[in-house]
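Here is the naming used below: chain letters follow the sequence lines, and residue numbers restart at 1 for every chain.
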2 protein chains.
Amino acid sequence: MGTTSKALSLLNFFSRATPQIGLSELARLSGLNKATVYRLLGELAAHGFVEQVGTGREYRLGPAFLRLAALREKHVPMRDVALKQLTDLSDATGETAHMSLLNGEVLSNLAYAYSNRHGTMVMMDDAEVLELHSTGSGLAVLAYSPKSLVDEMLSRPLKARTSQTITDPNQIRALLPSIRTEGIAASVGGFEEDVFSHAAPIFDARSICIGAMAVAAPVSRMTDPLRMMIRDNLLAHARQTTRILGGFPPDTFPTREPQMMLQKEA
Amino acid sequence: MGTTSKALSLLNFFSRATPQIGLSELARLSGLNKATVYRLLGELAAHGFVEQVGTGREYRLGPAFLRLAALREKHVPMRDVALKQLTDLSDATGETAHMSLLNGEVLSNLAYAYSNRHGTMVMMDDAEVLELHSTGSGLAVLAYSPKSLVDEMLSRPLKARTSQTITDPNQIRALLPSIRTEGIAASVGGFEEDVFSHAAPIFDARSICIGAMAVAAPVSRMTDPLRMMIRDNLLAHARQTTRILGGFPPDTFPTREPQMMLQKEA
DNA sequence: AACCAATGGTTCAAATAATGAACCGACATA
DNA sequence: TATGTCGGTTCATTATTTGAACCATTGGTT
């Protein structure tokens, strides 16, 4: 791993739960030498990627990201595109719709939209990180990711977010083929209790899966007709989102009308 | 300069004008070896800080910034705070208010607010970069920055954005003391023709200047009474913004009521 | 008050990772 | 076919990164 990667990976230790971290703690978390972390933080700080809180204490993410995010969004208005599609999708289904992007080995939220049709709804949070094994979106991404990522991902111990989280790698592997034939992944209570989530993958110009679009509803509201309705709408909107973003589903991706397919070996 | 700094500085070559850059071009711009740039881009790409456009062509900023910006803003809601203050300031003055943060040797926009009192107003742009020598905000920041930054900054050739831009380093240096006694910098048409801009510095917890808040009005609308009104409102709102963000103006910063001060040597 | 275990920060020889000139094959232009 | 540029790759040389040990402070415990 190059020096730059080490520096950048330091940034991943900042999260909702631990928004600011001290030097020694960060050295411990990253497994790097304290002096190394100190120097790397210094370089990151010089560019506004981290900053020190108050007078000489812990570090936190810096203001540079605001500028770069604005610049990125100005040139590649993913969030805008996603938000429009999500609003439509949320209106059509009456449930919460959201989209997240693959970032290393986790998904990070890009945007979400609520419906006001029901008194209860699944709440989302910017800056939340979704694991690949415990969420519908994660499973959708896994199903369309190269074997290397799946193996890498499933070789690590899988954390149970709820009592219903699937933590057996083989069980997860067994789900993937049917997700591929459906084009949709489902997860019941895997990330949060009482949330039934459907998700479909999003692809880039090289037909590589870059994230997922999902509809999340309370388990109590889920019925088979609703599932069908969500499934159809989700597939359509995910497809359209991929297209608007300039991407293409892979050849193996099911078309709108279910049909017989030959399974191809990658 | 460390390797990490080199990698991070590559990101600064992406701008509104050149949102995507090829490998060779980036090597030329940065003065680094092509192989080096290639490797650095690879590491940046692995973390989502850059990505390649379409199939193996130019590079552009990646999606990671969206997540990190959201995370930063969640923990340090600068933009929200600024937006509230700017809305107030814009309402009070009837003109466009904006705030920008010091990022290396330039200012980048954080937020802005328009007024609807007049038919014409100064328009702002996210992701725009303001130079220190040609803008009111820049002068305000220079006046409260360490001598080293000022020297560094003014040793380079200064670009004339308009016919009214001040490009003589000595002339700029001569402005700084009066800005310090006023607590406010003014610039007439330095960045864009016909724009009269007032700006006040914003400080962090260590009393270091981190950016500026400004009011920009058409030159044609500017009168002495308006200047006084803007000055008072701007000073008050800048002060409050500094305070809400957890910062402190330095001891030398003028209080609301103008008063005699002894000039201190730093 | 003395002690201990943290913290952020610093040093410098040793080890490692970054570097850059040259080289590919592919593509475009002429 | 010849020429220039592109993105990408190689590998011996070089320069940067690294990490153990060491400070000076701070805060808690005895």
Asker: Rounded to whole Å, how long is the line connecting atom CG of Leu26(A) with atom C1' of dA6(C)?
Answerer: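 Computing the Leu26(A):CG to dA6(C):C1' distance gives 17 Å.
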Asker: Does dC6(D) have OP1 or OP2 under 4.0 Å away from a side-chain N or O of Arg28(B)?
Answerer: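 For dC6(D), OP1/OP2 do have a side-chain N/O of Arg28(B) under 4.0 Å.
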Asker: Taking atom C1' of dC6(D) as reference, at what distance in whole Å does atom CZ of Arg57(B) sit?
Answerer: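 Whole-Å distance recorded here is 8 Å.
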Asker: Does Lys74(B), at its NZ atom, have more than 12 non-hydrogen atoms belonging to other residues, nucleotides or ligands within less than 6.0 Å?
Answerer: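 For Lys74(B), atom NZ is crowded (more than 12 foreign heavy atoms under 6.0 Å).
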Asker: Please answer whether the main-chain N or O of Arg16(A) pairs with a side-chain N or O of Glu128(A) as donor and acceptor at a distance below 3.5 Å.
Answerer: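 Flag not set: sc Glu128(A) to bb Arg16(A) has no pair under 3.5 Å.
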Asker: In whole angstrom, what separates Leu41(B)'s CG from dT9(D)'s P?
Answerer: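 Rounding to the nearest Å, CG of Leu41(B) and P of dT9(D) are 13 Å apart.
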Asker: Under 4.0 Å from OP1 or OP2 of dG9(C): is there any side-chain N or O of Gln52(A) that close?
Answerer: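 For dG9(C), OP1/OP2 do have a side-chain N/O of Gln52(A) under 4.0 Å.
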Asker: Is the distance from OP1 or OP2 of dA18(C) to the nearest side-chain N or O of Thr36(B) less than 4.0 Å?
Answerer: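 Result: no.
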Asker: Please state how far atom CG in Asn33(A) lies from atom P in dC22(D), giving the value in whole angstrom units.
Answerer: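 One finds 14 Å between P of dC22(D) and CG of Asn33(A), rounded.
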Asker: For the side chain of Glu43(B), starting at C-beta, report the closest nucleotide among dT17(D), dA18(C), dA21(C).
Answerer: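 Output: dA18(C).
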Asker: CG of Leu29(B) versus P of dC6(D): gap in Å, rounded?
Answerer: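 That distance rounds to 11 Å.
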Asker: To the nearest Å, how far apart are Glu58(B) CD and dG8(D) P?
Answerer: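 For the pair Glu58(B) CD and dG8(D) P, the rounded distance is 11 Å.
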Asker: Ring centres of Phe253(A) and Tyr144(A) under 6.0 Å apart?
Answerer: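 Close enough - the centres of the two rings lie under 6.0 Å apart.
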Asker: Rounded to the nearest Å, what distance is computed from the OH atom of residue Tyr38(A) to the P atom of nucleotide dG19(D)?
Answerer: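 Whole-Å distance recorded here is 18 Å.
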Asker: Ignoring hydrogens and angles, tell me if any N or O in the side chain of His133(A) forms a donor-acceptor pair with the backbone of Lys159(A) under 3.5 Å.
Answerer: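 Such a contact is found between His133(A) side chain and Lys159(A) backbone.
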Asker: Want to settle it: does Gly22(A) or Ala35(B) sit nearer the 5' end of DNA chain C, counting the closest nucleotide to each?
Answerer: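 Nearest nucleotide further toward 5': that of Gly22(A).
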Asker: Please determine whether any donor N or O and acceptor N or O are separated by less than 3.5 Å between the side chain of Lys34(B) and the base of dG20(C).
Answerer: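 Under the 3.5 Å cut-off, the side chain and the base do not form any donor-acceptor pair.
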Asker: Whole Å only: how far is the CG atom of Leu40(B) from the C1' atom of dA17(C)?
Answerer: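 Rounding to the nearest Å, CG of Leu40(B) and C1' of dA17(C) are 12 Å apart.
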Asker: Say whether, by atom type as modelled, one donor and one acceptor occur between the side chain of Arg79(B) and the main chain of Leu110(B) under 3.5 angstrom.
Answerer: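 Side chain of Arg79(B) to backbone of Leu110(B), a donor-acceptor pair under 3.5 Å: yes, one is there.
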Asker: State whether Arg161(A) and Glu192(A) are salt-bridged, where the test is any N-O pair (Lys NZ or Arg NE/NH1/NH2 against Asp/Glu carboxylate O) under 4.0 Å.
Answerer: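 No, no charged N to carboxylate O under 4.0 Å.
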Asker: Expected output is a numbered-order residue list: members of residues 2-10 of chain A with a heavy atom under 4.0 Å from any atom of DNA chain C. What is it?
Answerer: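 Result for residues 2-10 of chain A: Gly2(A), Thr3(A), sorted by number.
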Asker: If you take the centroid of each ring, where Trp contributes its six-membered ring, are Phe248(A) and Phe203(A) closer together than 6.0 Å?
Answerer: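 No; Phe248(A) has its ring centre 6.0 Å or more from that of Phe203(A).
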Asker: So, OP1 or OP2 of dT19(C): does either fall under 4.0 Å of a side-chain N or O from Arg39(B)?
Answerer: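 It does, given that an N or O in the side chain of Arg39(B) lies less than 4.0 Å from OP1 or OP2 of dT19(C).
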